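Side chains are part of it too, since the values below use all heavy atoms of this structure and drop only hydrogens, waters and symmetry mates. Everything quoted here is computed from the prediction, not taken from an experiment. Proteins get letters first, then strands, A, B, ... in listed order; numbering begins at 1 in each.
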There are 2 protein chains.
Amino acid sequence: MTVARQVSMADVARRAGVSMATASRALNNAAGVAEATRTRVFRAAEELSYVVSPEASSLARGATQRVAVVVPHISRWFFAGLLEGLEAVLRDAGLDLLLYHVGDMEDRREFFDRLPARRKVDAVVVLAFPVDEEEQRRFQLMGVDIVAAGGQHATYPYVCIDDEMAGRQAMGHLVHLGHERIAMIAAVDPDQPVSLQQGRSSAYYSSLHDAGLAVDDDLVVTVNWGGPEGALAMDRLLGLRRPPTAVYAHSDEVALGAMRSLRRAGLSVPGDVSVVGIDDHPVAELVDLTTVRQPVEQQGEIAGEMVVGLLRGEVVQRSVTVPTQLVVRSTTAPPRRAGPRA
Amino acid sequence: MTVARQVSMADVARRAGVSMATASRALNNAAGVAEATRTRVFRAAEELSYVVSPEASSLARGATQRVAVVVPHISRWFFAGLLEGLEAVLRDAGLDLLLYHVGDMEDRREFFDRLPARRKVDAVVVLAFPVDEEEQRRFQLMGVDIVAAGGQHATYPYVCIDDEMAGRQAMGHLVHLGHERIAMIAAVDPDQPVSLQQGRSSAYYSSLHDAGLAVDDDLVVTVNWGGPEGALAMDRLLGLRRPPTAVYAHSDEVALGAMRSLRRAGLSVPGDVSVVGIDDHPVAELVDLTTVRQPVEQQGEIAGEMVVGLLRGEVVQRSVTVPTQLVVRSTTAPPRRAGPRA
DNA sequence: GCTCTTGATGGAAGCGTTTCCGAAGATGTT
DNA sequence: AACATCTTCGGAAACGCTTCCATCAAGAGC
């Protein structure tokens, strides 16, 4: 694998018959370069297939043109979707995206220890996790811009959905159908210090309250995020003396798990019990799951725009909340007169 | 957001009472530094909470400690999984990961034009897409190491599964159950020049052949990758005078789509028709889909190890093929004596 | 025709490391 | 005691670019 000697800006300048200063200005489309000169420089660069050394450029300029993205889970649909949106706008803006997976607390410590290495990036966007005070100080110290996505944040600009609202859309649907014994399967991320989606839970209680329905503590079960965990939760609910006629799951993945338990128990959905999720995960459409849609890529894009704005020194909105929307498919129906067979 | 003046290596050197040369050597654990001196330098660095400037370091050293990962789809499970594995080993090796989404041909051109900007990365791993000759030359020109994952590659080291084998495992299962009219829903990526997963198709024909079964062209339908597309394909198959009693889908997502069509048509799975996929997507478990499992994260990890090896100048295996495994769940069963009701 | 702007250009000083090379002590050999 | 060898260390030249500042030429204004 032979590598031609890297052609440097000096080569371009020489070929174009100008000084390096001028070559640099021309190449960067900076002001104060005669049009003819600029063209000449560009041609020379073209001919030598020259491309600037980002290292040198960053070093001299003091900005890296890179932004770090910190995610707790890479392959979970929600995060992958955010990432996709984010990448698109960052790329359009000529920014490179450094990906960091920060799963558990250990990773987190390491990340804050090692990585925010000075000047590695100009900004970082943290996806769906809170940043404690000490960590905020670190960020501040390294002087990077921060934006958060997928969860609201006190200190930094953020984009997210209104979880409470999303939850109420799901619950409202169930209530509206006439359900009175509604269960909630709440999902939490074991590796995160706190849940960012409190709203999803509180929506349950407020909806019940608004509908004049009593809350039965047996009907809410909290599990770690994930399909199999959702199934476990459903098993528990099915073991109740009076099982629910409907279940509200914090996410589609959890809902899917619940449906599996239902299926294996020989119960029909929505005949015996209705199920509603949140997210509108691509598979929701494939299994005809009623859910509340949240625009995922769009959130990523907005976060991206915030970063770009910040980097340009513009003032950006402190927060934007994107709307969610109930999508009724076929896992929900009015309750049986006599509830599911117990 | 006030930023303290960046402390440089000169500060550290001064504080430790040594020259920059020595400080640099000490910090890099290079040979030829007295133990006492090294300790002193480290302490000074610690006290000043010094961290090297990656830009300057790269510039001087000529290596970036960064690797680019090029993916055709970020949020598709398979790629996200690869990414997850890859990120983990790259991170352990102290390498940063630059993410590039190269969806269609347009992106691709842009990528090769702009991004391989000299020195942005030390290596690139391309996920599941072929690299044409011109593009190979570009790579060579920029002198980076390349590894491929999720598809075999003629020129670069790669890691992948044996698609033919995976397909045969799926088909073999169907044949073994006694099916004789087996359909195939082949999935292709419209944005990619060629399908990297030819083996999945050829397995169909060879399995049929081995079983002494005739091929009926009506039974194979090719669609773009995706659940909804799978559903369409199934609709077409159901329209046949003699529909299949089993379908082999190129992926779980496609299989899921097919199942939706089946369900909507009032057909039961596996009662009326059996369905088998490939991948063992997390939801496969939740819908009890029979499938062929491929270790996704592991492939990412292996690709990562290859990169790390290459960067260390070691010789790495030209290719590694990870094993797949049939996972029988409940979407497959022997055919009805009289085929599905038409 | 002669200053005054204004616009285009070049010189050169950084940016923060790494690393080649030589200097100096320290150690070991006869 | 003189000399060769090692080890440890400092000086200084890259690395490839950006940008401040000065210079210079050419129109503008009188």
Side-chain angles (χ1 to χ4, degrees), chain A residues 3-42 44-45 48-66 94 117-122 142-143, chain B residues 3-42 44-45 48-66 94 117-122 142-143:
Chain A
V3 187
R5 189 183 74 76
Q6 301 288 6
V7 0
S8 77
M9 187 178 278
D11 299 314
V12 175
R14 193 171 323 117
R15 178 167 195 132
V18 299
S19 70
M20 276 194 59
T22 303
S24 175
R25 276 184 293 250
L27 259 2
N28 287 300
N29 287 313
V33 177
E35 215 29 71
T37 312
R38 187 185 306 277
T39 324
R40 205 142 32 89
V41 172
F42 266 103
L48 297 173
S49 59
Y50 164 80
V51 22
V52 316
S53 155
E55 310 303 329
S57 178
S58 298
L59 181 56
R61 207 194 303 255
T64 65
Q65 307 289 63
R66 258 174 261 135
R118 171 179 51 171
R119 300 278 182 72
K120 261 196 180 171
V121 297
D122 296 336
M142 50 185 285
Chain B
V3 187
R5 188 183 76 77
Q6 300 288 8
V7 0
S8 77
M9 188 178 278
D11 299 314
V12 175
R14 193 172 321 117
R15 178 166 197 136
V18 297
S19 71
M20 275 195 60
T22 303
S24 175
R25 277 184 293 249
L27 259 3
N28 288 298
N29 286 313
V33 176
E35 213 31 68
T37 313
R38 187 185 306 278
T39 324
R40 204 141 33 89
V41 171
F42 267 103
L48 299 172
S49 57
Y50 164 79
V51 23
V52 315
S53 155
E55 311 302 330
S57 179
S58 297
L59 180 57
R61 206 194 305 255
T64 64
Q65 307 288 62
R66 258 174 261 136
R118 170 177 52 169
R119 300 281 182 71
K120 260 195 178 172
V121 296
D122 296 336
M142 52 186 285

Rounded to whole Å, how long is the line connecting atom [atom1] of [X] with atom [atom2] of [N]?
X: B:Arg40; N: D:dC9; atom1: CZ; atom2: P; value: 7 Å
X: A:Arg38; N: C:dG7; atom1: CZ; atom2: P; value: 14 Å
X: A:Lys120; N: C:dG16; atom1: NZ; atom2: P; value: 17 Å
X: A:Arg25; N: C:dG10; atom1: CZ; atom2: P; value: 8 Å
X: A:Met20; N: D:dC20; atom1: CE; atom2: C1'; value: 15 Å
X: B:Glu35; N: D:dT7; atom1: CD; atom2: P; value: 14 Å
X: B:Glu55; N: D:dG16; atom1: CD; atom2: C1'; value: 12 Å
X: B:Gln65; N: C:dT18; atom1: CD; atom2: C1'; value: 13 Å

Evaluate the side-chain proximity of A:Asp11 to A:Arg14: yes if any heavy-atom separation is below 4.5 Å, no if none is.
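Yes, close enough: below the 4.5 Å cut-off.
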Heavy-atom side-chain proximity of A:Asn28 to A:Arg61 below 4.5 angstrom:
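Result yes, sub-4.5 Å side-chain heavy-atom pair found.
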Enter the inter-axis angle for the ends of the helix from C:dG1-D:dC30 to C:dT30-D:dA1 (five pairs per end, rounded to 10°).
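End-to-end axis angle: 40°.
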Can you say whether a donor on the side chain of B:Arg61 sits under 3.5 Å from an acceptor on the base of C:dG16, or the other way round?
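Absent.
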Can you work out whether B:Leu59 or B:Val33 has the more 5'-proximal nearest nucleotide on DNA chain D?
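Final value for this comparison: B:Val33.
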Earlier contact from the 5' end, DNA chain D, for B:Ala31 and A:Asn28:
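Going by which nucleotide is closer to the 5' end, it is B:Ala31.
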Which distance, rounded to the nearest 0.5 Å, do you find between the [atom1] of [X] and the [atom2] of [Y]?
X: A:Leu27; Y: A:Ser57; atom1: CG; atom2: OG; answer: 10.0 Å
X: B:Ser53; Y: A:Lys120; atom1: OG; atom2: NZ; answer: 11.0 Å
X: A:Asp122; Y: A:Arg66; atom1: CG; atom2: CZ; answer: 8.0 Å

Phosphate-side-chain proximity, [X] and [N], N/O vs OP1/OP2 below 4.0 Å:
X: A:Ser57; N: D:dT18; result: yes
X: B:Thr22; N: D:dG10; result: yes
X: B:Ser19; N: D:dG11; result: no

May I ask you to say what [X] touches in the nucleic acid, namely base, sugar-phosphate or nothing, with a heavy-atom cut-off under 4.0 Å?
X: A:Ala21; answer: base
X: B:Thr37; answer: sugar-phosphate
X: B:Ser24; answer: base

Where B:Leu59 and A:Leu59 come nearest, the two heavy atoms and their spacing
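Nearest pair, atom of B:Leu59 first, then A:Leu59: CD2-CD2, 3.3 Å.
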State, to 0.1 Å, how close A:Ala31 and A:Arg25 come at their nearest heavy-atom pair, and which atoms those are.
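Taking A:Ala31 first and A:Arg25 second, the nearest heavy atoms are O-CD, 4.2 Å.
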Any side-chain to backbone donor/acceptor pair from B:Arg40 onto B:Ala16? Under 3.5 Å, distance only.
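Present.
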Could you please name the option among C:dA8, C:dT18, D:dG10 that lies closest to any side-chain atom of A:Ala34?
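Among the listed nucleotides, the one closest to the side chain of A:Ala34 is C:dA8.
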